[in-house]
Amino acid sequence: MNELTDYVLAVRVTGSPSAPEGVKSVDVTPPAGIDDVAAAAVEGLRSAGLTPADLRSRVIFLAPDDPGCLVSYAALCGFAGRRVDAYADGAVLEFSRLDLDGSAFVDAGRPDGHLVWAQAGGPGIPDAPGMPTVRLASNTPGLAAPEAVTVIRYAARLRMAAPASVRDALTMLLLIAAIRRRGDDRFPYLSTGTEPAPTTKDDPTQGIDLEKIRRAAADHRQQLRAARRGAEIVPPVPVPAHDQRVADANKTPITTVLTRLGAKADATGRWNCPRPDRHSNRDENPSMKVLADNRTRCQRCDAEKIGPVRLVIDVLGLTPDEAATFILDSKQTLDTRGD
């Protein structure tokens, strides 16, 4: 049996007890002013700064003395992607170790017709109008009757009237979620048991949709993981001064550089190559086309597109720094032939 001090991280909500000394705690409080309960629950996780990595450690939910905390607990389970241990009514509830296989619960067979809404709760809940009601004994999940399992498993929508005891409410929630499991635990609506008869399949007056909250939190986890898989953003490395001059020179319009190198354009926009000695029979017909990315290519001289600096290097036999100076400083005279 675990003790509170065996955990690495304790998640608290409003009214939760304090975490024991030596256990890191984080407060997850859905902000006020957001009407969508699922969005508010996810925003609480986000503002608390929780990450998927935090939930890889031993985590426990410190439950306050209020069954309404099941909203935050559903969000935490969705974000963790598993059942999370809880501390309620002075006891550690090791839900993460609970081998609760909902399919092992025997039901009484599929109900006749399509069951849209049903209600589940403790022994004392009243019958709900317009839907079947099943009662589960507190702290005895293994005694769920087959008739009750049928209703819980096959109802399209199920609302749960939580017991007053937070410990019982958490236990009942995970029992119901396991019985309704379809690939993953499927949470019910959190209900008071006094709502009016439902009018639609997704009647918002039936309580708080804990499954919607669980899924929204799971989506938030996936988004954080996807962002983490992206490229890591690192500070830019300062560019050395001479490299910056080369970069600036390459931004100069290549038509300007071609003109300074003695090339001319014809009516079609093709330029004479300033390296006619490389052409067979010193062919001086226009053979260079200026491209949209400020580069050019001679079909007789260049195997690939070249920029302004590379062109000056090739034509004048200069170093990159000298070529940049030639381009950027029109007032400076260089010995372009190496004499």
Side-chain angles (χ1 to χ4, degrees), residues 39 42-43 45-57 79 81 218-339:
V42 171
E43 185 57 36
L45 294 170
R46 182 181 291 109
S47 60
L50 280 176
T51 68
D54 294 324
L55 277 297
R56 296 190 193 120
S57 59
F79 188 70
D219 289 344
H220 175 51
R221 179 184 77 245
Q222 293 301 328
Q223 291 167 8
L224 291 178
R225 285 180 170 176
R228 187 177 179 84
R229 287 194 295 268
E232 182 181 2
I233 299 176
V234 297
V237 177
V239 179
H242 69 279
D243 289 345
Q244 185 61 57
R245 280 185 61 80
V246 171
D248 291 341
N250 271 324
K251 295 177 183 178
T252 302
I254 200 163
T255 53
T256 301
V257 177
L258 282 166
T259 300
R260 292 197 61 207
L261 292 173
K264 296 181 180 179
D266 66 6
T268 67
R270 286 187 175 271
W271 290 72
N272 296 99
C273 179
R275 299 159 292 183
D277 55 317
R278 293 192 184 183
H279 300 184
S280 60
N281 300 323
R282 299 183 65 83
D283 180 11
E284 297 184 6
N285 291 328
S287 58
M288 301 191 78
K289 184 178 180 181
V290 172
L291 306 169
D293 59 356
N294 201 42
R295 291 191 291 176
T296 186
R297 181 188 175 207
C298 173
Q299 60 186 9
R300 298 181 179 87
C301 300
D302 304 311
E304 59 185 6
K305 298 183 290 185
I306 60 175
V309 171
R310 172 71 178 276
L311 179 63
V312 171
I313 291 172
D314 205 20
V315 174
L316 302 181
L318 304 179
T319 67
D321 289 345
E322 290 171 336
T325 298
F326 173 85
I327 294 170
L328 296 174
D329 189 357
S330 60
K331 295 181 181 180
Q332 183 173 348
T333 300
L334 295 176
D335 182 358
T336 59
R337 300 299 179 187
D339 296 339

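Along the sequence shown, residues are numbered consecutively beginning with 1. If you're wondering where the values come from, they're calculated on a predicted model, not measured in any experiment.
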Measuring from atom [atom1] of [X] to atom [atom2] of [Y], what distance do you get when rounded to the nearest 0.5 angstrom?
X      : Y      : atom1 : atom2 : result
Leu258 : Met288 : CG    : CE    : 5.5 Å
Leu45  : Thr51  : CG    : OG1   : 11.5 Å
Lys289 : Arg270 : NZ    : CZ    : 6.0 Å
Arg275 : Leu316 : CZ    : CG    : 10.5 Å
Arg297 : Ser287 : CZ    : OG    : 10.5 Å
Thr255 : Arg260 : OG1   : CZ    : 13.0 Å

inquiry  = If you count heavy atoms of other groups shown closer than 6.0 angstrom to CZ of Arg310, is the number above 12?
reply    = no
Minimum side-chain heavy-atom gap [X]-[Y] below 4.5 Å:
X      : Y      : answer
Phe79  : Leu224 : yes
Phe326 : Ile313 : no
Leu291 : Thr296 : no

query = Would you find a donor on one side and an acceptor on the other, under 3.5 Å apart, between the side chain of Asn294 and the backbone of Asn250?
reply = yes
query = Any donor and acceptor pair, going by atom type alone, linking the side chain of Asp314 with main-chain N or O of Leu311 inside 3.5 Å?
reply = no
task = With sequence neighbours left out, write down each residue that passes salt bridge (Lys or Arg N to Asp or Glu O under 4.0 Å) with Arg56, or none if nothing qualifies.
result = none
remark   = Residues at least two apart in sequence or cross-chain that pass salt bridge (Lys or Arg N to Asp or Glu O under 4.0 Å) with Asp266, listed by chain then number, are none
Looking only at heavy atoms, which two atoms of [X] and [Y] are closest? And how far apart?
X      : Y      : result
Val309 : Ala249 : CG2-CB, 3.6 Å
Val315 : Pro274 : CG2-CG, 3.7 Å
Ile306 : Ile254 : O-CD1, 3.8 Å

query = Under 3.5 Å, is there a donor-acceptor pair linking the side chains of Gln223 and Asp219?
reply = no
ask   = Partners of Ala218 by side-chain contact (heavy atoms from CB on, under 4.5 Å), sequence neighbours excluded?
value = Arg221
